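Structure first, then comments.
All values derive from a computational prediction rather than experimental measurement.
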Amino acid sequence: MSDVSIPPKVLEIADGIKTMRIRGAGKIGRAAAEALKIAAEEYNGPRDASLFKKYIGRVADILISTRPTAVSLPNAVMFILSSLRDQYGFDEAHSAIVDAANRFIEESLNAVKKISEMGAKRIKENSIILTHCHSSVAVNTITEAYRQGKVVKVYSTETRPFYQGRITTTQLLNNGVPVVQIPDSAVRYVMNDVDYVVIGADTITSNGAVINKIGTSQVALAAKEARVRVYVVAESYKFSPITLVGELVPIEFRDPSEIVPEEWLKQHPGVKVLNPSFDVTPPEYIDAIVTEVGVIPPQSAILVLMERLGWALEKIKQGLSISTIRFEDLLE
Amino acid sequence: MSELERHGFTRRATGSELLFQIASALKESSSDVKSFARTFTRIYEDIINERPSSMASINALRMIGEYFLENGVNGIRDYIDGIAARYEESIMRAAEVAAKRVVEGDALITNSNSLAIRRLFKTLSDSKVKVKVYVTESRPGLEGLLMAEYLEKLGFEVYLIVDSAARFFMKNIDKAVLGAEAVAVNGAVVSKIGTSVIALDAHEARVRVFVVAPTLKFSIETIYGELIKLPEGDWRLLMDEDTRRTLPENYRAFAPLYDVTPAEYVDGIATEKGLFAPQAIPIVIREVYGGFPPLVKPLEKIAMEVRRYLE
């Protein structure tokens with residue numbers, strides 16, 4: 001039995017993710033869903049459930065291999081593959097993939113809106129909010145709370161080394177929100193005036209720890225000390241299934257020249273510049289995680305994983321990690 | 001280095017350097033009472049407006065002002081030299097006290113570019129104690145780069161990190177060593193912005209925090225309830241004008257220069273008189289000034305009286 005060929009459009013999307021033409025957690029996830037949908041729709045092999053599942057598994061493997069570290073990518077793929085059942089015949093399997101892909105795309109697009117609405121509800125009148133780095137969900141949530149007349153002021157940290165806080169500040173200003181930029185070193189100084197910390201997440205682990213831009217855990221600690229509420233706003237595809245089996249989320253150390261100019265580095269060969277891009281905020285410093293499926297305490301993160309990625313969790317518990325999963329073999 | 005200036009790098013006098021600058025400026029104007037009074041008044045106003053928390057300078061100004069009101073310019077050069085020399089000596093003694101708390105192989109964290117901390121590392125280097133040092137870049141101003149440069153010259157293993165990475169690395173650290181701009185009577189330490197975050201991170205990770213501060217940095221005014229004023233700046237401390245132009249017209253930044261570390265996050269304050277718990281500051285003040293509360297004239301009053309020489 002020869003392999004059914006994979007549509008060029010699918011390969012094009014895979015390439016887009018790989019070359020970072022497609023960027024951002026949400027966009028990557030939706031692109032992967034779109035690719036699986038196209039793969040199903042343009043399938044031209046025999047109408048055999050088992051062959052079709054193998055083919056979809058192959059497409060899944062190709063997609064996941066494009067960017068192994070972006071958590072939204074395997075999550076989108078697993079969410080869609082989770083819709084397959086062993087007893088499904090060809091037609092059922094085919095429509096399950098298309099429906100799940102459509103559902104993922106729709107839910108992902110609605111997620112930010114839902115999260116901002118729920119998040120804004122948690123903010124009381126006359127509030128001062130502090131945010132770190134740049135997260136579109138956080139900007140949307142703060143803007144929504146501002147439109148409801150609840151926000152008097154926002155502190156946005158610069159977020160060295162890349163100054164993503166300048167993007168946050170610019171976007172909030174464009175939305176009419178009163179915002180003041182502060183250096184990262186001033187978070188504790190202003191924390192006494194702050195009512196809520198609202199931050200995004202890069203990845204959320206099964207025990208509720210939040211991996212986000214370097215400095216997030218320090219902001220959360222300063223908030224905890226000052227009894228300021230910390231809300232993490234994040235789509236459900238930021239939750240990482242592999243952490244359930246104890247996998248660590250690797251923290252990347254980036255180039256020193258992002259912190260100081262090359263010239264300075266050359267003049268100071270004896271100084272090592274360390275540039276970790278993320279840190280881990282423990283769940284006890286987080287009051288709630290606002291996802292599109294609801295507001296949860298961080299310790300319940302596993303619930304989101306079970307609801308959204310139950311099937312994949314089973315596979316992972318059987319001893320497979322994302323990087324070693326071959327969906328082609330798993331789908332019978 | 002223009003590339004660094006884009007990020008708001010500036011060379012700013014540390015609290016101790018400021019005191020030495022003031023001492024030499026006053027000495028230069030000590031030929032007659034009028035020119036001394038003029039210089040004194042100008043420096044007093046600059047300090048109150050721009051460096052109100054630089055306590056060593058404020059205390060030195062009070063002492064020099066009092067001397068002037070009693071003796072005019074007679075012998076004032078020697079008096080000022082004496083203050084500067086004693087201060088230099090006390091930084092050295094305080095650094096030696098702190099150095100005894102550091103052992104071979106320690107990993108330390110520090111920020112900014114305090115002279116007292118430099119002296120601490122010089123002492124360690126002279127006695128061949130090898131340590132690793134994490135230095136935060138210390139925005140605004142980025143003086144951490146100067147500290148890293150100095151430590152590199154002394155031959156230490158130096159790691160430069162961004163301010164927000166202090167908690168990330170705290171688990172690797174044995175002790176935090178920090179400078180001070182002022183110490184309040186309740187043991188609270190005024191220091192470069194971000195110091196209190198490092199102290200909080202250290203407290204969370206059960207890392208010991210030592211502050212190196214000669215007693216001239218102790219604030220007498222706080223005994224009477226005065227608050228130490230903390231100067232604040234804007235975007236000019238964080239970027240150059242070209243970068244500012246890339247941001248919206250109504251972009252606004254708030255850049256405090258100092259913060260207050262509460263006494264409970266400080267394990268010891270190393271002074272020329274020894275190592276003290278921050279809560280024991282009143283006792284140290286009693287030792288230094290011969291009684292508690294010390295009977296000193298407020299600097300404001302002294303400055304007013306000095307100004308009369310200008311009329």
Side-chain angles (χ1 to χ4, degrees), chain A residues 132-133 155-163 165-166 169-171 173-174 178-191 213-222 224-225 251 256 258-265 267-281 285, chain B residues 1 3-4 6-8 111 134-140 142 145 148-149 151-153 155-170 192-201 203-204 230 235 237-239 243 246-256 258-261:
Chain A
H132 182 62
C133 196
Y155 285 113
S156 147
T157 58
E158 288 189 299
T159 318
R160 282 281 286 152
F162 262 129
Y163 302 110
R166 288 179 185 164
T169 301
T170 304
Q171 289 185 353
L173 284 173
N174 289 342
V179 52
V180 178
Q181 187 106 78
I182 56 166
D184 301 304
S185 56
V187 286
R188 188 176 177 274
Y189 187 100
V190 301
M191 197 56 85
K213 183 58 58 195
I214 187 77
T216 304
S217 77
Q218 200 162 271
V219 169
L221 173 63
K224 174 88 179 171
E225 183 203 22
I251 291 183
E258 291 179 0
I259 296 182
V260 283
E262 289 283 1
E263 199 190 336
W264 195 92
L265 288 167
Q267 287 164 355
H268 303 283
V271 178
K272 291 191 190 89
V273 180
L274 301 179
N275 184 16
S277 46
F278 298 104
D279 67 15
V280 183
T281 303
Y285 294 167
Chain B
M1 223 190 252
E3 174 72 13
L4 279 176
R6 262 191 336 112
H7 302 280
N111 67 341
Y134 288 76
V135 186
T136 61
E137 61 173 5
S138 310
R139 284 177 72 74
L142 295 167
L145 270 58
E149 190 175 284
L151 295 173
E152 181 194 26
K153 254 184 237 149
F156 289 110
E157 200 176 324
V158 196
Y159 299 98
L160 182 72
I161 60 172
V162 293
D163 298 313
S164 59
R167 185 178 180 276
F168 183 95
F169 289 105
M170 197 54 82
K192 176 71 201 260
I193 186 78
T195 303
S196 79
V197 188
I198 295 174
L200 172 66
D201 293 338
H203 186 72
E204 182 204 23
L230 304 176
W235 63 266
L237 296 173
L238 302 170
M239 63 190 83
T243 308
T246 65
L247 294 162
E249 189 100 6
N250 54 350
Y251 173 91
R252 214 156 64 74
F254 170 68
Y258 302 99
D259 67 12
V260 181
T261 302

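Aromatic ring pairs are classed by plane angle as parallel below 30°, tilted from 30° to 60° and perpendicular above 60°; the pair F254(B) and Y189(A) is tilted.
For the residue pair L4(B) and P261(A), the shortest heavy atom distance occurs at CD2-CD, 3.6 Å. Between P269(A) and E152(B), the closest heavy-atom pair is N-OE2, 3.2 Å. The two atoms that bring R167(B) and V280(A) nearest to each other are NH1-O, 3.5 Å, heavy atoms only. Here the shortest heavy-atom pairing between L200(B) and A222(A) reads CD2-CA, 3.7 Å. Taking every heavy atom of both residues into account, A253(B) and V180(A) meet most closely at C-CG1, 4.1 Å. In terms of heavy atoms, A148(B) sits closest to V271(A) at O-CG2, 3.8 Å.
Distance check: N275(A) CG to L160(B) CG gives 10.0 Å after rounding to the nearest 0.5 Å. To the nearest 0.5 angstrom, L238(B) atom CG is 10.5 Å from R160(A) atom CZ. Atom CD of E3(B) is separated from atom CD of E262(A) by 10.0 Å, given to the nearest 0.5 angstrom. Note that CZ of F168(B) is 5.5 Å distant from CD1 of I214(A), once rounded to the nearest 0.5 Å. Atom OG of residue S217(A) and atom CD of residue E204(B) lie 7.5 Å apart, to the nearest 0.5 angstrom. In this structure, N250(B) CG and T170(A) OG1 are separated by 9.0 Å, a value rounded to the nearest 0.5 Å.
Note on V197(B), L237(B), I161(B): by heavy-atom pairs under 4.5 Å with chain A, the leading option is V197(B). When each of M191(A), K213(A), K272(A), H132(A) is scored by its heavy-atom pairs under 4.5 Å with chain B, the top score falls to K272(A). When P140(B), S196(B), A166(B) are compared by the number of non-hydrogen pairs under 4.5 Å with chain A, S196(B) comes out ahead. Chain A forms more heavy-atom pairs under 4.5 Å with one residue of V158(B), L142(B), V135(B), N111(B) than with any other, namely V158(B). Looking only at heavy-atom pairs under 4.5 Å with chain B, the residue among V187(A), T157(A), I259(A) that has the most is I259(A). When each of E157(B), E137(B), K153(B) is scored by its heavy-atom pairs under 4.5 Å with chain A, the top score falls to E137(B).
Taking 4.5 Å as the limit, every side-chain heavy atom of L247(B) sits out of range of all side-chain heavy atoms of Y163(A). Counting heavy atoms from C-beta outward, L145(B) and V260(A) have side chains that approach closer than 4.5 Å. Side-chain contact between R166(A) and T243(B) is present, with at least one heavy-atom pair separated by less than 4.5 Å. Two residues are said to be in side-chain contact when any heavy atoms from C-beta on lie closer than 4.5 Å; H203(B) and E225(A) fail this criterion. Between Q181(A) and Y251(B) the shortest side-chain heavy-atom distance falls below 4.5 Å. The side-chain heavy atoms of Q218(A) and D201(B), taken from C-beta on, include a pair separated by under 4.5 Å. Here the side chains of P256(B) and S185(A) are not in contact, with every heavy-atom distance at 4.5 Å or above.
Applying the side-chain hydrogen bond (donor to acceptor under 3.5 Å, both in side chains) rule to T216(A) yields the partners N212(A); only residues at least two apart in sequence or on another chain are considered. By the ring-ring contact (aromatic ring centres under 6.0 Å, His included) test, F278(A) is found to be paired with no residue, residues two or more places apart in sequence or in another chain being considered.
In this structure, chain B has a heavy atom under 4.5 Å from the side chain of T169(A), while its backbone stays farther away. For chain A, the nearby part of Y134(B) is the side chain; its heavy atoms alone come within less than 4.5 Å. Looking at D279(A), both its backbone and its side chain come within 4.5 Å of chain B, counting heavy atoms on both sides.
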